Each structure stands twice: as C-alpha cells, then as structure tokens.
Amino acid sequence: MPASRPELSLVPRPRKASPRPGRFVLDRDTRVRALPGAEAAAELLRTLLGPATGLPLAPAADGRVVLALDPQLGGLGDEGYGLTVGPQALLLRAARPTGLLRGVQTIRQLLPPEALSGGARAGSWELPCAEISDVPRHSWRGAMLDVARHFQPVSYLRRYVDLLAFHKLNTLHLHLTDDQGWRMPVDAFPRLTSVGGHRAQSLADGVPHSGAYTKQELRDLVTHAAASGVTVVPEIEMPGHVRAALAAYPELGNRPGRSLDVWTRWGVCDTVLGVHEQVFDFCRTVLDEVMDVFPSPYIHIGGEECPTTEWENSPAARARAAAEGLAGPRALHGWFMGRIGSFLVERGRRPTGWAETGTELPLDFTVMTWREPAHARAAARRGHQVVSAHHRTTYLDYAQSTDPAEPHAQPGAPVGLHTVYADEPVPEDWEAGEAAQILGTQAQLWTEYVTTPDRIEYLSYPRLCALADRAWSGDGRDWTGFVERLRHHTARLDALGVPYRPLTPRSLMTASAGTAPTPDSSSPTTVPERNTP
C-alpha cells in the first residue's frame, strides 16, 4: 500500500487493497441501505460511527452506503468481504453476515482517526476511494484474558471485545477459574463465588482481592461480542488449578476434612480434584450451567499442570485407577479428561484443553499448544484441531523489553513486538494435512502481575496488533511494511484511548542476519510452567 495514502495503512493488512481517485463524503444526509441479511451489520455501523461522528446514518432504500449479502462471493468464506468506495457511493458485500461485520471495521479504519474518539463534530467525514477484497488466513484469531487472578469488571470486558473486533480478532478466550479465584456463578454451588471468589492477598501484597460476575452480565457480554462477530469461549479449569473450588467445597478433593484457602501464590498448586463420582457430578453440573450461558461451540476445561501426587497418595484414587484398569494413578488424568470431554461431545460442544506435549489429550479435544512449537505439529499429526499459543511468541504478560522503566510483568525473557509478528503457526515445511489441522493462533495475558485495564492494554498493544496482522494476513516477512502501517495505526489507538508501548527504536528492534538477538527477541534457556515464572 503506498505511503502517500496513510489512510490505507490498515491493521490487519487486507488481502488486496487498491487506491482509487477521489473521496467519499459521509455527512448528515448520508443514508444506509441494508439489503436482506445485512441488517445487523448496518446496525453495527450505526452504533459504532453514529456517536463518534455525530451522523445519524439513517436507513433508507436509496442510501449511498449499501450493505449486501452476495452468495456469489462464496470464495471469500465466512469472514471475507469486498469493499468498494467510490466518490458517489460505498458498497460493502460479503457471502456471510460475519464478513459484513469485518468490513464495517475496515470502514472505521478508513475514516480519519478523530472519527473513533467519540467527540462528535458538525460537518462531514471523508474516506479515501479504494477497492478492497479481503479474507483471513486463519479461522481462529484470539486473545485469552485471565480474569481469575485479577478480576476485571464486565464493562471493561466489553471494551476489550470492542478492541479485538476493531483488529478483526474473533475469539475472546475468557479464563474464568483458577487456584486464585472463581468468577463464574453456578447456581447449584453458590460457595464457588461467595468463598472461591475471594482471596486474602496477591503475591504477598497484603491486599484482599475479590470479584465475580452475574450470569446476566456474562450473557450480555456474549450478546455484545456476537454483534461484532466475536465468540466468547469460557474456560473452567479441571482437574488441576482448582484450589479456589476446593476452598469452597473441600469434599471434592482427595483429603476429606481438609480446610483450604483460596491460593495467594503464583505457580502450580498441588491440590487437585478427586476422582470419586461426586466430583464428576459437580463437573457436569457446572458445565451444564456454563453451556447455558455461553453458546460457544468450544468449551475450554484447562487440563494442564495437574500434579498427580495427591492421587498417588490417596487410597481412594489408587483404587479408582485399579478399578478402571489403568496403569496407575498418573493415568487418571487422561481418564478424567476423557470422561469430561465425552460429556461435552454428547451435548454438541467441542472440548478444548491446554496440551503440554501435543499428544496427551483425547482425540476429540481441540488443543492449545503452548510449551514448544513442535508440539503443535505433533498434535496436528495425531489428528487434533490445534490453536498455536507458544508462550515465547504469544504470552503478552511477559515484558516487552529488558528496559527497567517498563511496567512490571511476569518474570522471564521479554517477548518483543517483532517476535510476535514473526511467529508462524504453520511453518512452510509442514505437510498439507498437518497444516489443515491448525485453526489459528491467539495471544495470552495471565494477570497475576497485571491488575488494571491500563496495564492490560499497555502490555497488549501494539503486540496484539502484530498478532492480528499475522493471523489475518498470514505474511510475517514484511516487517518494514508492517511497522509503516503501525505508525499510522497508533493514531487510531490514541483516538480510542488505548495506552500502548510507544514505537521507539528500542521497541522496534529485531534480530537481523549476522547480528546477535536483541533483548526484544531473546529466549530463555528453559521452558517455564504455563502460569509460573
């Protein structure tokens, strides 16, 4: 895209974008025509642009802004779209309604950044004329936000979703439960939030922390996200990462009569669910209520970092392993995940879990591989659907550099902007069948060291822009072009009030041929646990 047309410096980069002569003017007389099936996209356009631009964009049969579904564009898939901006009219077409939603975000980026700020002004707004044909490379383009360790109000989750949609990210993976907190209300087990939603302190800071959502808040969040084409995938951890649940209901554990607190530390806790039938009744009841709130086809049940010491020391667990014909208590993990996975499959959902090797979860699981890039290929070869989430390229709770002035983040080698941009979920040497199993990629932000929305956004941006560009556009080789587009895109982030790491020579460092890795692209010598330093 030519540098002389900075308004075409879109993030993520469209598949094809050609500038055309002229400008299209939006003013108070501009009307919107939504053909059948395009009504939701027209409403989104109005909702997003109306308050910010001060323009009504009223519906009309003769509107100069036209949104239409066109079955002949089937080659663009579920999310692709075509956008034609001419001096006299704007036409947005797609084969599916979600494609129109993606095109609406492109229209927003084509407007001057001031049109995003919410400060309405009188007069008119101009868009550059252009012809755009766009389709994403990956179907899963996500971001995981951990609200179990530090609760965030639902009002912020709505803003978080809006920023994802603006960058054409389509999945919010909401991490709702862990050792340090339980945020999802369950009618059958009220102590999960009344007890499990509170902890005495975080990392020895002496400050109590608590919070939980209502079901209506979560349902409204799902509805709000769906209006922008974002799916909310809930995560309910089991059989490990359950200290908060066991604090509320200790009978679900392996030592009857034990009293536990909600964990105040960071790392892998060795308390896990028992394997008696009461536990499975609990899990099924919880997941039934989760599925009632979240219509997502994917239900994430964690499954990783599950120490087996308690099972090995429990006569009841050892007896259960023997009764099930398992080799020993360690094999209870796969058996447990298989039972819960089958339960979700029976209800028409797709069980999803964190894979520590790529080969340990039942085959009906969609897996998120996070430890090593090779694990994604191992899972794909085994037949799993895979979301690539390698911690050295997608964990945004790691610092962005070694600069001591950077806000505190999870200890460990930094993950720089270029490292995120250069990540390739499907390397070129993979076979076609392996590549076909990769759904996409997503970023992760664990919040033990991240307490506020401002900190969340500073750590997320502009690195999440880089991930969005890779996941949608699929080309990590044009670093210079991406940086040029990103420099223009920061004006949009400014207008949206997003705190982000400034684009400085240090933040744009990368490892070039014949040079040593910079601090922004260094790697640790050992792989940490998913949630530990």
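The model shown is predicted, which means the values in this text are computed figures rather than measured ones.
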Going by the rule ring-ring contact (aromatic ring centres under 6.0 Å, His included), which residues pair with H167 if we only count those two or more places apart in sequence or in a different chain?
Y461, H489
Could you go through L221 and Y213, starting from their C-alpha distance and side-chain angles, then the distance that decides it, and tell me whether this counts as side-chain contact (heavy atoms from CB on, under 4.5 Å)?
CA-CA 11 Å; L221 174 66; Y213 303 105; over 6 Å; no
Assess whether side-chain contact (heavy atoms from CB on, under 4.5 Å) is satisfied between L344 and M291, documenting all intermediate values.
CA-CA 9 Å; L344 293 172; M291 288 185 284; 3.8 Å; yes
What class does the angle between the rings of Y395 and H391 fall in, given that below 30° is parallel, 30 to 60° is tilted and above 60° is perpendicular?
perpendicular
For the CH2 atom of W140 and the CG atom of N170, what is their distance to the nearest 0.5 Å?
8.5 Å
Mind checking the OG1-CG spacing from T171 to L174? Nearest 0.5 Å is all I need.
12.5 Å
So which atom in D423 and which in P425 form the shortest heavy-atom distance, rounded to 0.1 Å?
O-CD, 3.7 Å
Contact between V147 and Y160 at the side-chain level, heavy atoms closer than 4.5 Å - yes or no?
no
Heavy-atom donor-acceptor pair, Q400 side chain to P414 backbone, under 3.5 Å
no
Using side-chain heavy atoms (C-beta onward) and a distance below 4.5 Å, is I107 in contact with L83?
yes
Is R13 salt-bridged to D478, going by a charged N under 4.0 Å from an acidic O?
no
Does either side chain, that of T402 or that of R506, offer a donor lying less than 3.5 Å from an acceptor on the other one?
yes
In terms of side-chain geometry, is the basic nitrogen of R199 or E448 positioned less than 4.0 Å from the acidic oxygen of its partner?
yes
Rounded distance [0.5 Å steps], CZ in R15 versus CD1 in I132:
13.5 Å
Min side-chain heavy-atom separation V426-H138 under 4.5 Å:
yes
Side-chain donor or acceptor of T84 paired with backbone N/O of L91 under 3.5 Å:
no
Is it the case that atom CZ in R382 sees more than 12 heavy atoms from other parts of the structure closer than 6.0 Å?
yes
A side-chain contact here means heavy atoms from C-beta on lying under 4.5 Å apart; do Q152 and I456 qualify?
yes
Short question: side chain of R470, backbone of Y421 - any donor-acceptor pair under 3.5 Å?
yes
So, Y81 and Q105: side-chain donor and acceptor under 3.5 Å apart, yes or no?
no
Polar side-chain atom of T366 near backbone of T352 as donor-acceptor pair, under 3.5 Å
no
Parallel, tilted or perpendicular: which one describes the rings of H209 and H150, with boundaries at 30° and 60°?
perpendicular
Any ion pair linking E43 and R46 (charged N to carboxylate O, less than 4.0 Å)?
yes
Y398 ring centre to R392 NZ or CZ under 6.0 Å, with the angle to the axis within 45°?
yes
So, are R371 and E304 salt-bridged, with charged N and O less than 4.0 Å apart?
no
Start with the C-alpha gap between V104 and L92, add the side-chain angles, then the distance that decides, and say whether side-chain contact (heavy atoms from CB on, under 4.5 Å) holds.
CA-CA 8 Å; V104 166; L92 174 61; 4.2 Å; yes
Between P128 and V85, the two heavy atoms sitting closest are O-CG1, 3.5 Å
Could you check if a side-chain atom of V415 sits within less than 4.5 angstrom of a side-chain atom of H390, using non-hydrogen atoms only?
no
If you look at every heavy atom in T393 and V420, which pair is closest and at what distance?
O-CG2, 3.4 Å
Just wondering, do I236 and F294 contact through their side chains at under 4.5 Å, heavy atoms?
no
Pair D494, Y500 - check side-chain contact (heavy atoms from CB on, under 4.5 Å), show working.
CA-CA 9 Å; D494 289 334; Y500 58 90; 2.9 Å; yes
So, are D178 and R149 salt-bridged, with charged N and O less than 4.0 Å apart?
yes
Side chains of T177 and E237: do they bring a donor and an acceptor to under 3.5 Å?
no
Tell me, with the steps shown, if H300 and W354 meet ring-ring contact (aromatic ring centres under 6.0 Å, His included).
CA-CA 8 Å; H300 205 300; W354 298 104; 5.2 Å; yes
Shortest non-hydrogen contact from Y298 to Q385?
OH-OE1, 3.6 Å
If you measure from CE on M238 to SG on C306, what distance do you get to the nearest 0.5 Å?
11.5 Å
Just verifying a value: how many Å separate S228 OG and L169 CG, rounded to the nearest 0.5 Å?
12.0 Å
When you compare the side chain of L10 with that of R492, does any pair of heavy atoms fall below 4.5 Å?
yes
A380 versus I438, closest heavy-atom pair with distance:
CB-CD1, 4.5 Å
Evaluate the side-chain proximity of V268 to D179: yes if any heavy-atom separation is below 4.5 Å, no if none is.
no
Would the distance check show the side chain of R183 and the main-chain N or O of A148 forming a donor-acceptor pair, the cut-off being under 3.5 Å?
yes
If you measure from the Lys or Arg side-chain nitrogens to the Asp or Glu carboxylate oxygens, is any gap between E406 and R501 under 4.0 Å?
yes
Quick one: CG on L90 to CG on L26, what's the gap to the nearest 0.5 Å?
7.5 Å
Any donor-acceptor N/O pair, H333 side chain to G303 backbone, under 3.5 Å
yes
Considering all heavy atoms of both residues, which atom of E424 and which atom of G474 are nearest to each other, and what is their separation?
OE1-O, 4.5 Å
Donor-acceptor pair, distance only, cut-off 3.5 Å: does the side chain of R141 make one with the backbone of P136?
no
Check whether R485 reaches the backbone of V11 with its side chain - one donor and one acceptor, N or O, closer than 3.5 Å.
no
Tell me, with the steps shown, if S18 and E131 meet side-chain hydrogen bond (donor to acceptor under 3.5 Å, both in side chains).
CA-CA 5 Å; S18 303; E131 186 78 31; over 6 Å; no
D70 side chain vs A94 backbone, donor-acceptor pair below 3.5 Å:
no
Looking only at atom types and distance, does a side-chain atom of R108 sit under 3.5 Å from a main-chain N or O of L48, one as donor and one as acceptor?
no
